[in-house]
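A, B, ... follow the sequence lines: proteins, then strands. Residue 1 opens every chain. In what follows, every heavy atom counts, from backbone to side chain, and hydrogens, waters and symmetry copies are set aside.
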Amino acid sequence: MPELPEVETIVRQLRRQIIDRTIASIRVFWPRTIEGNKTEFRRRLCGLTVAGVWRRGKYIGVEGEDGTFFTVHLRMTGKLVGALDTADRRHLRLRFTFTDGTKLHFVDARKFGRLRLWPCRGESCPGLGPEPLCPETVRRVLKHLRTNRPVKSVLLDQAILAGIGNIYADEALFLAGIHPLTQAAVLNAGQQELLSRSVPRILKLAIGRRGTTLRNYRTLADQSGGNQEHLNVYGRTGAPCFTCGTPIERIRINGRSSHFCPKCQRSGVGRQ
DNA sequence: AACAGCACCTGTAGGC
DNA sequence: TGCCTACAGGTGCTGT
């Protein structure tokens with residue numbers, strides 16, 4: 001569910017909420033929520049005073065004063081909330097109680113979300129590509145790609161760039177005027193440049209709007225995102241393109257829906 | 001290497 | 001109303 005902008009929004013709020021607080025107890029309602037050794041997870045985290053909260057790709061990282069580090073991945077429907085409402089109650093998977101009595105709940109309808117302990121921050125989340133928030137980075141990555149995979153698949157590959165999901169991949173490709181099936185290695189210099197700018201731009205705009213809420217996503221403060229009002233292609237199958245009026249199409253690429261304007265995004269097609 | 005298919009899970013929307 | 005199907009913002013595994 002949440003992609004980089006949603007996770008970034010949550011992390012910013014989490015910093016204000018839990019830094020300098022000490023975990024008093026942890027209650028687990030769905031054991032598979034914790035990856036790895038559950039006993040050690042509990043042992044290392046109880047008594048932990050939170051020193052920092054970080055984002056890496058779609059991971060939330062929490063660091064203790066002693067360097068203890070754990071991550072939260074929300075996957076499709078996970079969320080962190082301070083206050084539980086009635087609907088959340090049945091999907092409660094884990095609860096942190098802090099020494100001052102405040103609580104942090106991990107709620108996750110589909111049970112895909114995971115918490116995991118790491119040896120330290122530096123050893124967490126191995127295999128993730130660089131952050132896609134500045135054009136320089138995206139430019140460098142695109143330039144060195146030697147793959148025939150569709151550019152849409154490449155954008156979704158967390159080992160290549162970390163944090164882009166299905167919504168923002170589609171939106172960035174629209175902004176760059178590139179067809180999602182275009183083979184990554186055949187993007188010319190101009191297309192690489194357009195995509196290098198559009199990926200960070202789309203993500204930063206979405207962060208500024210606190211992310212995109214389509215159904216489940218809520219911020220820590222239980223707010224909706226605002227970016228869903230600004231989507232050009234995602235979820236707009238059959239609706240007219242805002243630029244040219246052509247109906248937006250949907251196809252499947254690697255099992256994921258891809259939305260695009262067949263007229264504005266002809267670039268790259270038929271020239272592979 | 002890279003793809004499809006499936007697994008993990010539950011909820012919701014739409015068709016009949 | 002109820003049943004059935006398709007689909008969902010993610011990732012990881014297996015087989016080909």
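Taking atom C1' in both B/dC9 and C/dC7, one finds a spacing of 14 Å when rounded to whole Å. To the nearest whole angstrom, the two P atoms, one in C/dA6 and one in B/dC6, are 13 Å apart.
Protein chain A contacts DNA chain B from B/dA2 to B/dG11, reading 5' to 3' and using non-hydrogen atoms of the protein with a distance under 4.0 Å.
Evaluation of the salt bridge (Lys or Arg N to Asp or Glu O under 4.0 Å) test over residues 195-205 of chain A, restricted to residues two or more places apart or in two chains, returns A/E193-A/R197. Listed by first then second residue, pairs satisfying side-chain hydrogen bond (donor to acceptor under 3.5 Å, both in side chains) with a partner in residues 84-94 of chain A read A/K79-A/D88, not counting sequence neighbours. The stretch residues 228-249 of chain A participates, sequence neighbours left out, in these side-chain hydrogen bond (donor to acceptor under 3.5 Å, both in side chains) pairs: A/R209-A/H230. Applying the salt bridge (Lys or Arg N to Asp or Glu O under 4.0 Å) test to pairs two or more places apart or on separate chains, none has a residue in residues 57-68 of chain A.
Between the A/Q192 side chain and the A/L187 main chain, a donor and an acceptor come within less than 3.5 Å of each other.
Considering every non-hydrogen atom in both A/V154 and A/A184, the closest pair reads CG2-CB, 3.8 Å. The minimum heavy-atom distance linking A/P200 with A/L195 is given by the pair CD-O, 4.3 Å. The two atoms that bring A/K143 and A/R146 nearest to each other are O-NH1, 3.1 Å, heavy atoms only.
Remark: A/R252, A/R256, A/S257 in residues 252-259 of chain A come within less than 4.0 Å of DNA chain C through at least one heavy atom. Taken residue by residue, residues 107-121 of chain A places heavy atoms nearer than 4.0 Å to DNA chain C at A/R110, A/F112. Against DNA chain C, the stretch residues 141-158 of chain A makes heavy-atom approaches under 4.0 Å through A/Q158.
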Legend entry - Derivation and outcome, side chain to side chain donor-acceptor pair (under 3.5 Å), residues A/N216 and A/T77: CA-CA 6 Å; A/N216 302 296; A/T77 51; 5.6 Å; no

Inset, instruction - Verify side chain to side chain donor-acceptor pair (under 3.5 Å) between A/Y217 and A/E3, making sure each step is shown before the conclusion. - result: CA-CA 10 Å; A/Y217 164 71; A/E3 307 181 29; over 6 Å; no

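The closest side-chain donor-acceptor pair between A/T49 and A/R21, if any, does not fall under 3.5 angstrom. Between the side chains of A/K152 and A/N166, at least one donor-acceptor pair of N or O atoms lies under 3.5 Å.
The other members of the hydrophobic cluster of A/W118, by chain and number, are A/W54, A/F69 (side-chain heavy atoms under 4.5 Å, ILVMFWY only).
Within 6.0 Å of CZ on A/R15 lie more than 12 heavy atoms contributed by other residues, nucleotides or ligands.
A/H91 places its NE2 atom 20 Å from the P atom of C/dA8, with the value rounded to the nearest Å. Between A/K79 atom NZ and C/dA8 atom P there is a gap of 21 Å when expressed in whole angstrom units. The separation between A/E6 atom CD and C/dG10 atom C1' is 12 Å, rounded to whole Å.
In this structure, the side-chain hydrogen bond (donor to acceptor under 3.5 Å, both in side chains) partners of A/D157, at least two apart in sequence or on a different chain, are A/R149. A search for side-chain hydrogen bond (donor to acceptor under 3.5 Å, both in side chains) contacts involving A/R55 returns A/E8, A/E131, not counting sequence neighbours.
Closest to the A/K58 side chain, of the nucleotides C/dG9, C/dC7, C/dG10, is C/dG10.
Within the nucleic acid shown, A/R250 comes within 4.0 Å of sugar-phosphate atoms alone, with no base atom in reach, counting heavy atoms only.
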Legend entry - Dot-bracket encoding of pairs in DNA chain C, which uses [ ] for pseudoknotted crossings and | for another strand, Watson-Crick or G-U under 3.5 angstrom: .|||||||.|||||||

